[in-house]
4 protein chains.
Amino acid sequence: MSEARGPDPTRRSERSRKAILSAAMELMTESGYAKTSIEAIAARAGVGKQTIYRWWPSKAAVIFDALLDLTEGQQGFGLLETGDLKEDLKHALRATAEELADPKFDVSFRALAIEIQYDPKLAGHWREKMLGPALEATKERLRSAQRSGEIDDELDLDVAVEMLYGPLYHRWLLQTAPVTTQHADAVVDLAMRAMSR
Amino acid sequence: MSEARGPDPTRRSERSRKAILSAAMELMTESGYAKTSIEAIAARAGVGKQTIYRWWPSKAAVIFDALLDLTEGQQGFGLLETGDLKEDLKHALRATAEELADPKFDVSFRALAIEIQYDPKLAGHWREKMLGPALEATKERLRSAQRSGEIDDELDLDVAVEMLYGPLYHRWLLQTAPVTTQHADAVVDLAMRAMSR
Amino acid sequence: MSEARGPDPTRRSERSRKAILSAAMELMTESGYAKTSIEAIAARAGVGKQTIYRWWPSKAAVIFDALLDLTEGQQGFGLLETGDLKEDLKHALRATAEELADPKFDVSFRALAIEIQYDPKLAGHWREKMLGPALEATKERLRSAQRSGEIDDELDLDVAVEMLYGPLYHRWLLQTAPVTTQHADAVVDLAMRAMSR
Amino acid sequence: MSEARGPDPTRRSERSRKAILSAAMELMTESGYAKTSIEAIAARAGVGKQTIYRWWPSKAAVIFDALLDLTEGQQGFGLLETGDLKEDLKHALRATAEELADPKFDVSFRALAIEIQYDPKLAGHWREKMLGPALEATKERLRSAQRSGEIDDELDLDVAVEMLYGPLYHRWLLQTAPVTTQHADAVVDLAMRAMSR
DNA sequence: CCGTAACCGAGACGGTACGTCCCGTCTTCAA
DNA sequence: TTGAAGACGGGACGTACCGTCTCGGTTACGG
């Protein structure tokens, strides 16, 4: 999010960047998105407001970077390829379920899910950096399963991926029931029946 | 949302109620949730701010009622029961897809999906009045299909319902692709393979 | 200064008005004009900033009203008419000298003397309400002295008045020497020599 | 104003000094004192902010130097000594009147007249370099007139000088009427009546 | 049929946060 | 080492809304 043209990125203070990102995350979990003001982030981070406005175009962009920072260092997005498709998918979906159940993630993720409605640039970053990798990796694993004959090779993989992750997001978004690893397992078991042959 | 204790509902001005709700909807589609202020709604509706605060506890509650008002008069939530399960499900999911693709719905629905995070009372109404009926109706249709032997009667119907609606919401929420009736059909076709026998 | 068109003056809070004016005066004497921010006035007065901006167009306008409030209730501007012109003038100039020497007055008066440069509306009020009355009263006293033959009736009274007050303001503005009642007396004594016959 | 201890004056860039001073003057006449920020002066002069802060302690000090620069090269402050006191005084006062009527001078002079209230060091320079010379020269001319018997040798020359310049400054400061050479003449004519014998 | 108690429109109030401008300091790099 | 450039922590600007409050006016009901 931080590629603004004006200021000189080589002179950027890494110290401030980190302080801002972690102050943002703290405030999000403590008080939620609406009450997390730029002013409060700046104060908590011990930084001038301008230093935030210089490098990020909006509160949402700060949260986005903070969330990326949090995710970073996590697994390399590639799915396991143990030979057992069902287990590999369960592994992936359990990770997603845990993320969605983690309050740190939950609050920020949900907030960004709205903001992308109004901010096309943010929406792009969101798709490319936030969701794309995991979804693409899953699709790739399914492609490999098609090659090995485990699943139907006529299958529309986009819909298949949605059938895997969709139920989790449905539960999470609409708060109809808690998102758990058991639920993830149940989803994979059922989805496999649709994909087989 | 309008059951607050203090004021006397019998003396409530229906004229103001309607003006507020439609002003709210207008502003939401014109400018989005964040910029739709109570002040602006009051001004647009030709109403004092207090008249809003008297009857609704928050902006989200106003939007919620406005959205309900919009949905109202739509189909009676019960699913068709033509004997052809696949067609009945397609009918239902196409309706949902069209709603999600409708900007009027989109903006408000998405906004409320965040707010329920912070407002448990709203979350309750949301589940009961907004989502519950359609989801429950679908579950009921699946139960009837179990009874008639069309689908597996060991099936976990909660997960089955999520497998139907989840892919639509996934696409819509994450903006990975447009939500269309064709997509709804594809989802039903695939999900049927998981539910059969 | 407070005749702005927008807000309804009948609903104005007298309590706030007074609090603002005296907070402004306090801060002026404590910290000077530059450091007297609207924000600080509002905070000290226990008032929202908007309440200041609603009724005054600028910081200078607030100070102006505060200064007027201070002056108000003072002598009725009319000069004494004891029959002894020299004594009457000394009475008037001593009062002016005391004002100029009073820090409360000094700070605000000097600040306004700049601001009128940029704000024609303020300049008008300044001439009409702040300076005009005293100057006009002095001129009137001189006119009466002309009628009674005490002073030359060819005299240009505008210049005569300036010759009385000018030396005091010169000293005060340029800080060349302290402004005292003794100085006022000396000025009157000398000026009388120019006006006589 | 430019004698700060730290930096080495022999290495100072004359180019920058001039650019800063004239940028300051330009901005003062274009936008007034309040809107003439150090940042704007630096930008207009094509100079880093530090170069200003290195050599001047405050915005007022820059303006002061800029104003001195402007005055410099003007008449050598000494009053004419033609033998005709009245004409010599008129010559001097007309010059002052023209200065006060010149917008370039007006804006800066007025601004400094406030600042000296808060900055004793500046006040000193102001008295010594800005006002002192002209006032002292006038006093000297009056002394010479006392010696030649043209005017009363009991006269308090400080008050006499104030009686000459005071009316001009009074008009200028309080904006009661325009300051013109005609006015200067009228003042001298009247003041001469007080000083004679 | 006449108070009187409510809702209503309007909007002033004490506040919080916005996004911007500028302060004065500090750091980097070129000449 | 000076100077151009500009990032930094910070303070104030003037504006937009927040949610509460008070003000007339206008129904509409109970004595």
Side-chain angles (χ1 to χ4, degrees), chain A residues 6-13 15-16 19 34-43 45-55 57-59, chain B residues 6-13 15-16 19 34-43 45-55 57-59, chain C residues 6-13 15-16 19 34-43 45-55 57-59, chain D residues 6-13 15-16 19 34-43 45-55 57-59:
Chain A
D8 175 354
T10 68
R11 304 194 44 190
R12 181 168 188 180
S13 158
R15 203 178 165 289
S16 298
K35 288 188 184 167
T36 296
S37 64
I38 298 253
E39 205 134 289
I41 296 174
V47 139
K49 279 201 284 177
Q50 201 57 41
T51 301
I52 298 185
Y53 285 110
R54 187 156 25 235
W55 300 110
S58 66
K59 183 171 72 170
Chain B
D8 174 355
T10 68
R11 307 200 46 180
R12 180 170 187 181
S13 158
R15 201 179 166 287
S16 297
K35 290 188 182 169
T36 297
S37 63
I38 298 248
E39 208 137 287
I41 295 174
V47 138
K49 282 200 286 175
Q50 200 53 248
T51 303
I52 298 185
Y53 284 110
R54 190 160 19 237
W55 301 109
S58 67
K59 181 170 75 171
Chain C
D8 175 353
T10 67
R11 305 194 45 189
R12 182 168 186 180
S13 159
R15 203 179 166 288
S16 298
K35 288 188 184 170
T36 297
S37 62
I38 298 252
E39 204 135 290
I41 296 174
V47 139
K49 279 202 284 178
Q50 202 56 43
T51 301
I52 299 185
Y53 286 110
R54 186 154 29 232
W55 301 109
S58 66
K59 182 170 74 171
Chain D
D8 174 354
T10 67
R11 310 202 44 183
R12 180 169 187 182
S13 157
R15 201 178 166 289
S16 298
K35 289 187 182 169
T36 297
S37 63
I38 298 246
E39 208 137 286
I41 296 173
V47 138
K49 283 200 286 175
Q50 200 53 247
T51 304
I52 299 185
Y53 284 110
R54 188 156 22 233
W55 300 109
S58 67
K59 181 170 74 172

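The chains referred to below are lettered A, B, ... by the order of the sequence lines, with proteins before strands, and numbering in each begins at 1. What you see is a predicted model, and the numbers here were worked out from it, not measured in a lab.
The residue among B/K35 and A/E39 whose nearest nucleotide of DNA chain F lies closer to the 5′ end is A/E39. When each of D/A42 and C/T36 is assigned the nucleotide of DNA chain F bearing its nearest heavy atom, the one mapping closer to the 5' terminus is D/A42. Each of C/G46 and A/A40 was assigned the nucleotide of DNA chain E with the nearest heavy atom; the assignment lying further toward the 5' end belongs to C/G46.
Across every non-hydrogen atom of B/A42 and B/I52, the tightest pair is N-CD1, 3.8 Å. Contact detail for B/T36 and B/K59: the closest heavy-atom pair is O-CD, 2.8 Å. A/W55 approaches A/D8 most closely through the heavy-atom pair CH2-O, 3.5 Å. The minimum heavy-atom distance between A/P7 and A/P9, with the atom names listed, is O-CD, 3.2 Å.
Distance C/R54 CZ to E/dG11 P: 11 Å, rounded to the nearest Å. If you measure from atom CD1 of D/I38 to atom C1' of F/dA4, you get 16 Å, rounded to the nearest angstrom. Per the geometry, CD1 belonging to C/I52 stands 13 Å off C1' belonging to E/dC13, to the nearest Å. Rounded to whole Å, the distance from CD1 on A/I41 to P on E/dA17 is 12 Å. C/K59 places its NZ atom 7 Å from the P atom of F/dC13, with the value rounded to the nearest Å.
Rounded to 10 degrees, the angle separating the terminal axes of the helix from E/dC1-F/dG31 to E/dA31-F/dT1 is 10°, with each axis obtained from five end pairs.
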Between N or O atoms, less than 3.5 Å apart, protein on one side and nucleotides 20-27 of chain F on the other: list the pairs.
{"unit_1": "F/dC21", "atom_1": "N4", "unit_2": "B/Q50", "atom_2": "NE2", "d": "2.2"}
{"unit_1": "F/dT22", "atom_1": "O2", "unit_2": "C/R11", "atom_2": "NH2", "d": "3.1"}
{"unit_1": "F/dT27", "atom_1": "O2", "unit_2": "B/R11", "atom_2": "NH2", "d": "3.4"}

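Within the structure, every side-chain polar atom (N or O) of B/W55 is placed at least 4.0 Å from both OP1 and OP2 of E/dA6. Neither OP1 nor OP2 of F/dA7 sits under 4.0 Å from any side-chain N or O of A/R12. Close to F/dG9, at under 4.0 Å from its OP1 or OP2, lies a side-chain N or O of A/T51.
Distances from the side chain of C/S13 to the nucleotides F/dA12, E/dC13, E/dC18 place E/dC13 closest.
Under the side chain to side chain donor-acceptor pair (under 3.5 Å) criterion, B/E39 pairs with B/K49, not counting sequence neighbours.
Within 4.0 Å (heavy atoms only), D/S16 reaches sugar-phosphate atoms of the nucleic acid but no base atom.
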